[in-house]
Amino acid sequence: MSPKKSWRDRLASYPHLPNVKEIPAAMRSRRGEGTIATPSPREVEAAMRSIPEGRLATVMGIGEDIALRHQATIGCTVTTAIFAHMVAHAAEEAERTEERTPYWRTLKIGGELNPKYPGGIEAQMSKLEAEGHTVVQRGKRYFVEDFAKKLTGTR
């Protein structure tokens, strides 16, 4: 049995990305005509690394920034979210702190914390609160209070 791939190796496994294609027919009723940019894992990682302490970004915002960079109509937020998850796990694998991408600053839509990040909600909440953010619980989900005031672009 072969050894399990590291998260860093998984990030390097997409040489065909980024790319820009026509928006698939199944998506056109919701998203309209135009093109969709699918990012590379490295682009998502670079965007996440560019978020300064005290600021936040969303997966949707990163997808929109990538679409602009590639002159596409929309960005693929599903792929962006998948790669954000991979980047978070690769960051936790990193041995040196300076190599770690501050993945905890990237939120889901609406400012929601991501339970799939390493350590789950508790770990992301701890890191965000250490940077001065307030996390509030709504039902079973957790959100950064007033997150929209703290958003930054990642271009």
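Quantities reported herein were computed from a predicted structural model and do not represent experimental measurements.
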When you measure from the side chain of [X] to the backbone of [Y], do you find a donor-acceptor pair of N or O atoms at a distance under 3.5 Å?
X: T77; Y: T80; answer: no
X: T79; Y: C76; answer: no
X: R105; Y: R55; answer: no
X: T73; Y: I36; answer: no
X: Q124; Y: S126; answer: no

Any side-chain heavy atom of [X] sitting closer than 4.5 Å to one from [Y]?
X: E129; Y: V135; result: yes
X: L113; Y: M125; result: yes
X: V144; Y: L56; result: yes
X: F147; Y: T58; result: yes

Membership question, hydrophobic clusters at under 4.5 Å side-chain separation (ILVMFWY): are [Y] and [X] in the same one?
X: M86; Y: L17; answer: yes
X: Y103; Y: Y14; answer: yes
X: I23; Y: L68; answer: no
X: V59; Y: I82; answer: no

Quick one: do the E92 and W7 side chains pair a donor with an acceptor below 3.5 Å?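 W7 and E92 do not have a side-chain donor-acceptor pair below 3.5 Å.
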
What's the verdict on side-chain contact (heavy atoms from CB on, under 4.5 Å) for M48 and I62, showing C-alpha distance, side-chain angles and the deciding distance? CA-CA 8 Å; M48 292 170 77; I62 291 172; 3.9 Å; yes

Check [X] against [Y] and note the closest heavy-atom contact, atom names and distance.
X: V20; Y: A72; result: CG1-CB, 4.1 Å
X: M60; Y: I109; result: CE-CD1, 3.7 Å
X: A88; Y: Y117; result: CB-CD2, 3.6 Å
X: H133; Y: K150; result: ND1-CD, 3.4 Å
X: A12; Y: R42; result: CB-NH2, 3.9 Å
X: I51; Y: A57; result: CD1-CB, 3.4 Å

Evaluate H85 against V87 for side-chain contact (heavy atoms from CB on, under 4.5 Å), listing each step before the verdict. CA-CA 5 Å; H85 172 263; V87 167; over 6 Å; no

Kindly indicate, with the supporting measurements, whether the criterion side-chain contact (heavy atoms from CB on, under 4.5 Å) is fulfilled by W104 and E131. CA-CA 10 Å; W104 56 90; E131 292 186 357; 3.0 Å; yes

Is the shortest distance from a Lys or Arg side-chain nitrogen in E145 or R138 to a carboxylate oxygen in the other one below 4.0 Å? no

Counting only heavy atoms not in R28, do more than 12 sit closer than 6.0 Å to its CZ atom?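 It does: R28 CZ has more than 12 such atoms within range.
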
